[in-house]
Amino acid sequence: MLEEKSFAVRVFPTKYRVNKGVQTLPMTAAMIEANEAENADIARGLKQQDPELLDRLIDTYQHRLMRYLTFLTGKREVAEDLFQETWMRVLMRGGQYNGKARFDTWLFTIARNLVIDLSRKRTMASLDELQDPTKDERPFEIAIDGPSPFEQFCSREDAAEVSAVLLELHASYREVLVLRFHEEMALEEIAAVTRAPLSTVKSRLYRGLAALKPQLEKLRGERNQVRRQVVSGGFC
């Protein structure tokens with residue numbers, strides 16, 4: 001077993017790109033069994049502080065983790081610092097992961113807790129920002145037939161522009177949209193990461209989509225207008 005000192009000097013990569021959202025596909029029994037076996041292997045490796053396992057985990061989850069932290073904090077520099085700290089927590093507390101939940105759910109929970117800890121240290125209002133701004137917690141049923149407005153836009157437009165629109169949303173809405181459509185997490189997994197009731201997750205997702213739709217339509221309209229001007233020779 002390697003000593004903790006050997007982990008302290010590890011430097012993690014901090015250059016990333018944001019990928020486009022994709023639709024979630026249903027998992028088969030074989031896929032579920034394979035995931036469970038993989039989670040069990042990860043749990044054993046973390047308990048042994050296997051450095052090769054850590055490298056594989058970083059390679060697999062680095063882009064997703066950095067994207068989540070960037071959207072959650074809204075600040076690239078802060079996200080990079082928290083990214084490093086998240087993996088240090090994985091190293092030092094890997095024995096706490098038992099493999100019963102998906103590793104990415106556990107990883108994102110650690111990252112979110114670090115955001116909250118940082119907010120407390122800075123006496124910022126971020127703790128409140130991660131709560132739903134509305135007091136109405138009535139559950140909403142989310143339509144699952146066909147792509148959402150978010151997915152419709154992401155399938156055609158640049159992810160950078162969609163990311164800019166997302167950053168304008170309230171943090172609690174932004175978080176569930178990123179976890180649902182970028183990370184493809186089930187609503188129950190999002191509830192586990194955010195430590196919110198399932199009804200609250202549904203409400204935030206519904207309200208986030210409602211807030212996002214007019215922004216995306218506005219952006220789409222502006223693009224179409226520019227294209228029409230180009231076609232008609234307006235910029236010649």
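Heavy atoms only: backbone and side chains are in, while hydrogens, waters and symmetry mates are out. Here, residue 1 is the first one in the sequence, and each next residue gets the next number.
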Please examine the side chains of [Y] and [X], heavy atoms only from C-beta on, and report whether any two atoms are closer than 4.5 Å.
{"X": "Leu179", "Y": "Val176", "value": "no"}
{"X": "Arg174", "Y": "Leu72", "value": "no"}
{"X": "Ile116", "Y": "Arg195", "value": "no"}
{"X": "Leu57", "Y": "Leu53", "value": "yes"}
{"X": "Leu209", "Y": "Tyr173", "value": "no"}
{"X": "His170", "Y": "Arg207", "value": "no"}
{"X": "Met66", "Y": "Arg76", "value": "yes"}

Mind checking the [atom1]-[atom2] spacing from [X] to [Y]? Nearest 0.5 Å is all I need.
{"X": "Leu46", "Y": "Asp41", "atom1": "CG", "atom2": "CG", "value": "11.0 Å"}
{"X": "Leu114", "Y": "Glu85", "atom1": "CG", "atom2": "CD", "value": "5.5 Å"}
{"X": "Met185", "Y": "Thr194", "atom1": "CE", "atom2": "OG1", "value": "10.0 Å"}

Minimum heavy-atom distance between [X] and [Y], given as atom pair plus value:
{"X": "Gln49", "Y": "Leu91", "value": "NE2-O, 3.5 Å"}
{"X": "Ala211", "Y": "Gln215", "value": "O-CG, 3.6 Å"}
{"X": "Arg112", "Y": "Val193", "value": "CD-O, 3.4 Å"}
{"X": "Ala43", "Y": "Asn98", "value": "CB-C, 3.9 Å"}
{"X": "Leu107", "Y": "Val90", "value": "CD1-CG2, 3.7 Å"}
{"X": "Arg204", "Y": "Ala196", "value": "NH1-CB, 4.3 Å"}

Using a distance-only test with no angle check, is there a side-chain donor-acceptor pair under 3.5 angstrom linking Thr60 and Arg56?
-> no
Of the options Glu189, Glu184, Arg64, which is the one that meets Asp104 in a side-chain contact (heavy atoms from CB on, under 4.5 Å)?
-> Arg64
Verify side-chain contact (heavy atoms from CB on, under 4.5 Å) between Leu205 and Lys202, making sure each step is shown before the conclusion.
-> CA-CA 5 Å; Leu205 181 59; Lys202 290 182 178 181; 5.7 Å; no
Any idea how Tyr97 and Phe103 line up, ring-wise: parallel (<30°), tilted (30 to 60°), or perpendicular (>60°)?
-> perpendicular
Pair Asp81-Glu77, side-chain contact (heavy atoms from CB on, under 4.5 Å): steps then yes or no = CA-CA 7 Å; Asp81 291 341; Glu77 297 79 7; 5.6 Å; no
Got a donor-acceptor contact below 3.5 angstrom from the Asp59 side chain to the Asp55 backbone?
-> no
Measure from the side-chain N and O atoms of Ser119 to the backbone N and O of Val115, and report whether any donor-acceptor pair falls under 3.5 Å.
-> yes
Among Tyr68, Phe83, Phe71, whose ring-ring contact (aromatic ring centres under 6.0 Å, His included) with Phe108 holds?
-> Tyr68
Evaluate side-chain contact (heavy atoms from CB on, under 4.5 Å) for Asn39 paired with Arg102, printing each intermediate quantity in order.
-> CA-CA 6 Å; Asn39 292 336; Arg102 279 174 39 173; 4.1 Å; yes
Electrostatic pair Glu183:Arg67 at N-O distance under 4.0 angstrom = yes
